[in-house]
Amino acid sequence: MFDFLDLDQYDLFGAFWTTVQLTVFSAIGSLIWGTVLAAMRVSPVPVMRAFGTAYVNIVRNIPLTLIIVACSQGLALTLGLNMWADDSGTTAFRLAVLGFSAYTATFVCEALRSGINTVPVGQAEAARALGLNFSQVLTLVVLPQAFRSVVPPLANVLIALTKNTTVAATIGVAESALLMKDMIEREAQLLPIAAVFAFGFIVLTLPTGIFLGWVSKRVAVKR
């Protein structure tokens, strides 16, 4: 069906592999930073709560494209931060991961905070009565239950992150969107090329949604 596009001359696998790498590294970074932000938002320390609230409300309302470009232009070009990379391609990739992590962490934080609110207050009070401090209560009692209850929204965040990786093309990361742009310019066949890449993203996101939906049923907290 797509033979007239001469797909063999394009590295489709390499482009989508870069997309997968962007998704995986950004997901890990956003999960770590989002968990820290969620802990800040429920912290008894006012300064930490204020920082967490301000960060989430500001960053999640900034366009993702602006954040990615700011990482490239501001950190790499203006401040000279090369992210410990030897070439511009690797630098752009790592800066993209940084931008995606900083942005997606806000949604991870809010999902986790909603999960924290589902944990009965009595469990935290009982843990404190046993002598556990805030960090111990959060990590040993609250967060394990919160994570189990927010697998579906975190799955949605992961799927959105996978699709958002196309923004990395704006700073020259050689992922699927950049290749699609190049193919459209060369082949002048918009609909067939768009169909190829749409199918590629369906292959990436649909199994993820199905698998995490199964996981959410297995780990759901019975109340």
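Throughout, numbering of the chain's residues begins at 1 and tracks the sequence. Worth saying up front: this structure is predicted, and the values here are computed from it rather than measured.
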[X] to [Y] - nearest heavy-atom pair and separation:
| X | Y | value |
| --- | --- | --- |
| V167 | I68 | CG1-CG1, 4.0 Å |
| T19 | S176 | OG1-OG, 3.0 Å |
| A111 | V150 | O-CG1, 3.1 Å |
| L138 | V42 | CD1-CG2, 4.2 Å |
| T118 | S114 | CG2-O, 3.2 Å |
| A27 | L161 | N-CD2, 3.6 Å |

With a 4.5 Å heavy-atom cut-off, do [X] and [Y] have their side chains touching?
| X | Y | answer |
| --- | --- | --- |
| R128 | F134 | no |
| L178 | V173 | no |
| M40 | V36 | yes |
| F147 | V142 | no |
| F197 | T166 | no |
| T208 | T162 | no |
| F201 | L206 | no |
| I32 | I28 | yes |

Calculate, to the nearest 0.5 Å, the distance between atoms [atom1] and [atom2] belonging to [X] and [Y] respectively.
| X | Y | atom1 | atom2 | answer |
| --- | --- | --- | --- | --- |
| L112 | L37 | CG | CG | 10.0 Å |
| L22 | F16 | CG | CZ | 12.5 Å |
| T104 | L158 | OG1 | CG | 9.5 Å |
| M48 | T53 | CE | OG1 | 11.5 Å |
| T205 | I210 | OG1 | CD1 | 9.5 Å |
| L154 | I159 | CG | CD1 | 11.5 Å |

Given 3.5 Å as the limit, does a donor-acceptor pair link the side chain of [X] with the main chain of [Y], or not?
| X | Y | answer |
| --- | --- | --- |
| E110 | T106 | no |
| R41 | R113 | no |
| S43 | A39 | no |
| S149 | A146 | yes |

Joint cluster assignment, [X] & [Y], ILVMFWY side-chain distance < 4.5 Å:
| X | Y | value |
| --- | --- | --- |
| W17 | F199 | no |
| V196 | V203 | no |
| I202 | M180 | no |
| F51 | I58 | yes |

*Output, in order, the C-alpha distance, side-chain angles, deciding distance and verdict of ring pair (Phe, Tyr, Trp, His ring centres under 6.0 Å) for W33 and Y55.*
CA-CA 11 Å; W33 182 223; Y55 181 94; 5.5 Å; yes
_Aromatic contact, F25 with F100 (centres under 6.0 Å)_ = no
*After noting the C-alpha distance and the side-chain angles of S26 and S101, does the key distance pass the side chain to side chain donor-acceptor pair (under 3.5 Å) rule?*
CA-CA 5 Å; S26 301; S101 299; 4.5 Å; no
